[in-house]
Amino acid sequence: RREGSFADLLHAEIKVSHLTVKEIAAACNTSSASINKWKSGEVYPAVHYLYRLAKCLHPGSDVSCAYLLYTQKINAERD
């Protein structure tokens, strides 16, 4: 999980979650187009979407760890 880009990580986590892009978009209160842009690496999600994304993709686990990993990946890519 630590290797690769944020987009690579997100793509892999969505695949493992067995959720559809539409379901994830609904849980994050955004559009499927936005999710697809995040997956492709075209844009990064806003901070409030990162938390929702972590909560959606990591139910029943420590959401703060996933959120922290997402923010670290994005910050590293922006530098």
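Just the heavy atoms: all of them, side chains too, but no hydrogens, waters or symmetry mates, feed the values below.
Residues A7 and K39 come closest through the heavy atom pair CB-O, 3.3 Å.
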Open item on the list: Pair E77, I74 - check side chain to side chain contact (heavy atoms under 4.5 Å, CB included), show working.
Closed with: CA-CA 5 Å; E77 290 173 29; I74 291 171; 5.6 Å; no

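At least one side-chain heavy atom of L10 sits under 4.5 Å from a side-chain heavy atom of L57. Between H48 and N29, the closest side-chain pair of non-hydrogen atoms is not below 4.5 Å. Using a 4.5 Å heavy-atom threshold, the side chains of I14 and I35 count as touching.
Residues V43 and L50 share a single hydrophobic cluster, defined by chaining ILVMFWY side chains whose heavy atoms lie under 4.5 Å apart. V47 and Y44 fall within a single hydrophobic cluster, where Ile, Leu, Val, Met, Phe, Trp and Tyr side chains are chained together by heavy-atom contacts under 4.5 Å.
Between the OG atom in S31 and the NZ atom in K37 there is a gap of 7.5 Å [rounded to 0.5 Å]. Rounding to the nearest 0.5 angstrom, the gap separating the CZ atom in F6 from the CG atom in L69 is 9.0 Å. Note that OG of S17 and CD1 of I24 are 4.5 Å apart. Values are rounded to the nearest 0.5 Å. Atom OG of S32 is separated from atom CD of E23 by 10.0 Å, given to the nearest 0.5 angstrom.
Between the side chain of K73 and the main chain of G4, a donor-acceptor pair closer than 3.5 Å is present. Distance alone, capped at 3.5 Å, places no donor-acceptor pair between the N36 side chain and the A33 backbone. Looking at T71, its side chain does come within 3.5 Å of a backbone N or O of Y67 through a donor-acceptor pair.
In this model, a donor atom of one side chain and an acceptor atom of the other lie less than 3.5 Å apart for E13 and Y70.
Taking the ring pair (Phe, Tyr, Trp, His ring centres under 6.0 Å) definition, one finds that Y51 meets it with nothing, sequence neighbours left out.
In this pair, W38 and Y49 present their aromatic rings tilted. The plane angle is within the 30 to 60° band.
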